[in-house]
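See below for the structure under consideration.
Computation of the quantities below employed the complete heavy-atom set of this structure, encompassing side-chain atoms and omitting hydrogens, waters and symmetry-equivalent molecules. In this text the structure is predicted, and so the values were computed from the model without any measurement.
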Protein chains: 2
Amino acid sequence: MQPKYARARQSRRARYDTDTIHAILDSGLVGHVAFVAEDRPMVMPMAYARIGETLYIHGASKTRIALLDQVPVCLGVTDITGIVAARSGFHHSVNYRSVVVHGTARRVTGAELDAALDAITDHLLPGRSTEVRPMTTQERKATGVVAIEIEHASAKVRTGAPVDDPADLDLGMWGGVVPVVTALGASVADGHTPEDTPEPPSFAAARQKFI
Amino acid sequence: MQPKYARARQSRRARYDTDTIHAILDSGLVGHVAFVAEDRPMVMPMAYARIGETLYIHGASKTRIALLDQVPVCLGVTDITGIVAARSGFHHSVNYRSVVVHGTARRVTGAELDAALDAITDHLLPGRSTEVRPMTTQERKATGVVAIEIEHASAKVRTGAPVDDPADLDLGMWGGVVPVVTALGASVADGHTPEDTPEPPSFAAARQKFI
């Protein structure tokens, strides 16, 4: 992938290898999808999934996001992993892993739509699409899927301690990182779940993603 | 605030009251800022802070984001709070709290710049700006701050159990929610922190935000 949008200023944090980009996309909880609407920028949080070099988002058929077709879109995924407490406000930072993808929206139909919907279901709960009942024809009609081919993508990763001015290191101040942890809690069954029904296997697979 | 971008389809999840919108903005870890660059949408993850009805973002002086001025921008903040496992893929969902803000970028100088930088430092670590050494003139020159007056904002909140088709409730399947929890871990001091230096008080204030 071409790092078309790389900025030299922050190149020490930039990553352009496919493995890093895919890993961040695959572990992200939510994508922020930007598009241009009436000459104004619009951003919306969206569930998504990746199959190869294509991202998929979905929405009710008649919603604005599901009608995007042959227009440029930009999708950002960010995982904040720590608060970096430096000795100066200037060097305060956060640790994070993020990806920004540029691509063109394309409306999806047929078998690709089915595969995309399964992938979106499986994104947070791997294998979940095989545990639920099949989709009905009516449900398929009610759902619009948009593909975003990854044309350009770049990742940024910051880890580790603050980078303070050397003179500030003698101030006797606390400096370091407060980790930000995202984890899955104990599942809560609803009132329609028969007693003693075990958690679906996909939950254990999901927990593996958060370790 | 006028819900200019409300969509009737999802009105049951929409919130337009200032308290809800401010609470989600104030607890968010990162904002995704969208703008139009050469007719294409661009989204970037950014630290931010709110003072009244104005959001502030910052960047190195010469970066694209810090040069935004008198152009429309859109900022999204999303907190995923659960994975909603329904009995069908169609009714799968996530629990979340999100805000989308529309406004116009305005470059900031003088006393407003100082207040904005303090607010950004304090956003994740309340009171931190009073714990660090004062900013130098050189650091102020190196930092660009952009204000986004909140012109329109809308929040969406989903909580609770899946909403399944009635017929699916008799399938004997597990249905419910896997909570997604974001928390602060034990802080890690760097090698320049004198032994037995206590955590700054702002960390305790930050932990209060994540309870």
Q. Side chain, backbone, both or neither: which part of A:M173 has a non-hydrogen atom closer than 4.5 Å to chain B?
A. both

(Q) I'd like to check B:Y96 versus A:V30 (side-chain heavy atoms, cut-off strictly below 4.5 Å). Are they in contact? (A) no

Q | Which atoms of A:R207 approach chain B - backbone, side chain, both or neither, heavy atom under 4.5 Å | A | side chain

Q | Under 4.5 Å from a heavy atom of chain B, the part of A:L117 involved | A | neither

**Q.** B:R87 vs A:D190, side-chain contact (heavy atoms from CB on, under 4.5 Å): CA-CA, chis, key distance, verdict
**A.** CA-CA 11 Å; B:R87 283 127 182 119; A:D190 67 12; 2.8 Å; yes

Q | Sub-4.5 Å side-chain heavy-atom contact between A:V43 and B:L75 | A | no

**Q.** Test side-chain contact (heavy atoms from CB on, under 4.5 Å) applied to B:L124 and A:V94, step by step
**A.** CA-CA 9 Å; B:L124 294 178; A:V94 290; 3.6 Å; yes

Q.
With heavy-atom distances below 4.5 Å as the criterion, would you say the side chains of A:W174 and B:S187 are in contact?
A. yes

**Q.** Exercise: identify the closest heavy-atom pair between A:H102 and B:P41
**A.** CE1-O, 3.7 Å

Q) Looking only at heavy atoms, which two atoms of A:F203 and B:A85 are closest? And how far apart? A) CZ-CB, 3.6 Å

Q: Return yes if a side-chain donor-acceptor contact under 3.5 Å exists between B:T104 and A:R40, otherwise no.
A: no

Q | Check: A:V180 and B:L29 side chains under 4.5 Å, non-hydrogen atoms | A | yes

Q.
Quick one, B:I83 with A:L125, criterion side-chain contact (heavy atoms from CB on, under 4.5 Å). Give me CA distance, side-chain angles, the key distance, then yes/no.
A. CA-CA 8 Å; B:I83 305 172; A:L125 297 174; 3.7 Å; yes

(Q) Quick check: do B:P72 and A:D39 have side-chain heavy atoms less than 4.5 Å from each other? (A) no

Q | Beyond-backbone contact of A:M44 with B:T78, side-chain heavy atoms, under 4.5 angstrom | A | no

Q) Does any non-hydrogen side-chain atom of A:D165 lie less than 4.5 Å from one of B:R133? A) yes

Q) Taking the six-membered ring for Trp, are A:H32 and B:H32 parallel (under 30°), tilted (30 to 60°) or perpendicular (over 60°)? A) parallel

